[in-house]
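A quick write-up on the structure given underneath.
Sequence lines set the chain letters: A, B, ... in the order given, protein chains first and strands last, and positions in each chain run from 1.
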Amino acid sequence: MISRPRGTRDFLPDEMRRRRDLEKRMRAVFERWGYEEVATPTFEHLELFTLKSGDAIIEELYEFADKGGRGLALRPELTAPVIRMYINEMKNAPMPLKLYYFGNCFRYERPQRGRFREFWQFGCELIGTDTPEAEAEVIALASTIMDEVGVKQELHIGDLAIVRDLLGDLSQEEQSMIMRLMDKKDEAGLREVLDADIADKLFDLIEARSCDEIEALMGASDEMEHLRRVLDLLDVYGVKYQVDLGVARGLEYYTGVVFEIYGEGLGAESQVCGGGTYRLIPLFGGPDIPSTGFAIGFDRIMEIYGLEPEKEVRIVLVSTEDTREEGIRIAGVLRKRYKTYLDIMQRGLRSQLHFADRWNADYAVIIGPKEVRDGKVTLRDLESGEQETLTLDDCLEILAQRATA
RNA sequence: GCCGGGGUGGGUUAGUGGUUAUGCUAAAGGACUGUGGAUCCUUUGACUCGGGUUCGAAUCCCGACCUCGGCCCCA
């Protein structure tokens, strides 16, 4: 027997219905905010992901050579591919671009709850600006999506521009390492690599919970005003957040405001969304324009998603040996509007109704010799067990009434 | 990559060294001949894999694989 590769999943009908329902709800929010969907290939040239990613990301890549010897990789995330797409073919589109996407991504990692080797990301990129208005919109959008799908969220907002002001003298590598330590809230580690006064200040900064506290430590600056404006706008959006300059994000291309959202009800993998402002476009050979975006861990939302999919009407069309052909004709009419199952096993009446029960059908429409003779159908409500024989038009009428009731 | 818990039919479960591996559920067929959920009968179907200990292993030991949880990293 051949099993699934490790860290992958099969989605059975019940779960798939719930996934599609969640997808639909999230997609609807992006659409209502004026974002448009795009899709990129499942695999890309290896360099797209190795060019500006840390070793950790590269180690997790599913990479391979194709039959022509090209180095390729399954995408580990979607920001880089979307930016690549923008540079390749959307440079003349009117700014700003508001794009969203939903797709599977691949990382060679140790699987656990909420972490898989194949997983799905929803996300968006707002390309062309890093104004406070843009950043506030993107954060508010992320937060709204969480609300709309019933996730209890905790939103943390940081700002790498401010942190980098403090670390300005240090090299790129040192800054990256410090970001990582900050993310882990590793005080001892930070004290090891930093001068005592900078370490003290950095730690106070991580503890700061308001702009005033930060300004008291760092003094006034353009970055400070920028962050203040973003937070003011979030207040207007009605978004609840917590200032947390310890949010450092793993990726090195973030430059400004960054944020993470944690969901309630998950284990170790509680981060359900992360994003911020970055400058990735020039790194890939495009113009020096900033973007803001985020990615949502779709599978993690699935774990804590409490809403039930919309009820669908399921009908089983029951016919007999003599009436199969009439059954197919009537099923054709029902199928214009409803999910209709038609027996193809040459089963008897009893057996077809048994199947209808197991299939959780709402109604059985029975077409036997009597019905065919009278030009009628029998509509049986499988929940109440009540049934009546009536014309097809009347049957459709009743189904339509019940569906809206 | 590291540290723990766990793997018995499709799902669930009994079985801690000894006949043909238990029950429930499911699926297929039947009893019941124009009506599902009940009952009964038949059939299908499992010890994750590989070593070791033993006269004998689902059971004890080791390893691998998978899985669950944690570290790391992130979505």
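If you check distances only, the side chain of A/Arg380 does reach the base of B/rU35 with a donor-acceptor pair under 3.5 Å. Between the side chain of A/Gln112 and the base of B/rU67, no donor-acceptor pair of N or O atoms lies under 3.5 Å.
Distances from the side chain of A/Gln387 to the nucleotides B/rG36, B/rU35, B/rC71 place B/rU35 closest.
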Check the interface with nucleotides 40-50 of chain B: list each N/O to N/O pair with the protein under 3.5 Å, or write none.
none

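Listed by residue number, the members of residues 96-111 of chain A with any heavy atom below 4.0 angstrom from RNA chain B are A/Arg107, A/Glu109, A/Arg110. A heavy atom lying under 4.0 Å from RNA chain B marks the following residues of residues 272-281 of chain A, by number: A/Val272, A/Cys273, A/Gly274. Contact check of residues 355-376 of chain A against RNA chain B (heavy atom, cut-off under 4.0 Å) returns A/Asp357, A/Arg358, A/Ile366, A/Gly368, A/Pro369, A/Lys370, A/Glu371.
Here A/Arg113 does not reach the OP1 or OP2 of B/rC68: none of its side-chain N or O atoms lies under 4.0 Å away. For A/Arg115, no side-chain nitrogen or oxygen approaches OP1 or OP2 of B/rG69 to under 4.0 Å.
For A/Asp14, the side chain to side chain contact (heavy atoms under 4.5 Å, CB included) test picks out A/Arg17, with sequence neighbours left out. Not counting sequence neighbours, A/Arg373 has no partner by the salt bridge (Lys or Arg N to Asp or Glu O under 4.0 Å) test.
For the C1' atoms, the distance from B/rU67 to B/rU48 is 11 Å, rounded to whole Å. The C1' atoms of B/rC24 and B/rC66 are separated by 26 Å, rounded to the nearest whole Å. One C1' atom belongs to B/rC74, the other to B/rA28, and the distance between them is 47 Å to the nearest Å. For B/rU19 and B/rG15, the P atoms lie 16 Å apart once the distance is rounded to whole Å.
Straight-line distance from the CZ atom of A/Arg6 to the C1' atom of B/rA64: 12 Å, rounded to whole Å.
The 12-atom threshold is not exceeded at CZ of A/Phe43, counting heavy atoms of other residues, nucleotides or ligands nearer than 6.0 Å. The environment of OH in A/Tyr108 is sparse: at most 12 heavy-atom neighbours from other residues, nucleotides or ligands sit within 6.0 Å.
Counting non-hydrogen atoms under 4.0 angstrom, A/Gly114 reaches a base of the nucleic acid. When heavy atoms are screened at a 4.0 angstrom cut-off, A/Gly123 is found touching no nucleic acid atom at all. Residue contacts for A/Arg9: at a heavy-atom cut-off of 4.0 Å it reaches no nucleic acid atom on any strand shown. Using a 4.0 Å heavy-atom distance criterion, A/Gly263 is classed as making no nucleic acid contact.
A salt bridge (Lys or Arg N to Asp or Glu O under 4.0 Å) with A/Asp362 is found for one member of A/Lys311, A/Lys339, A/Arg314 and no other, namely A/Lys311.
For the pair A/Glu63/A/Thr50, no side-chain contact is recorded, criterion being any heavy-atom separation below 4.5 Å from C-beta on.
Across all non-hydrogen atoms, the minimal contact from A/Cys273 to A/Met146 is CB-CE, 4.1 Å.
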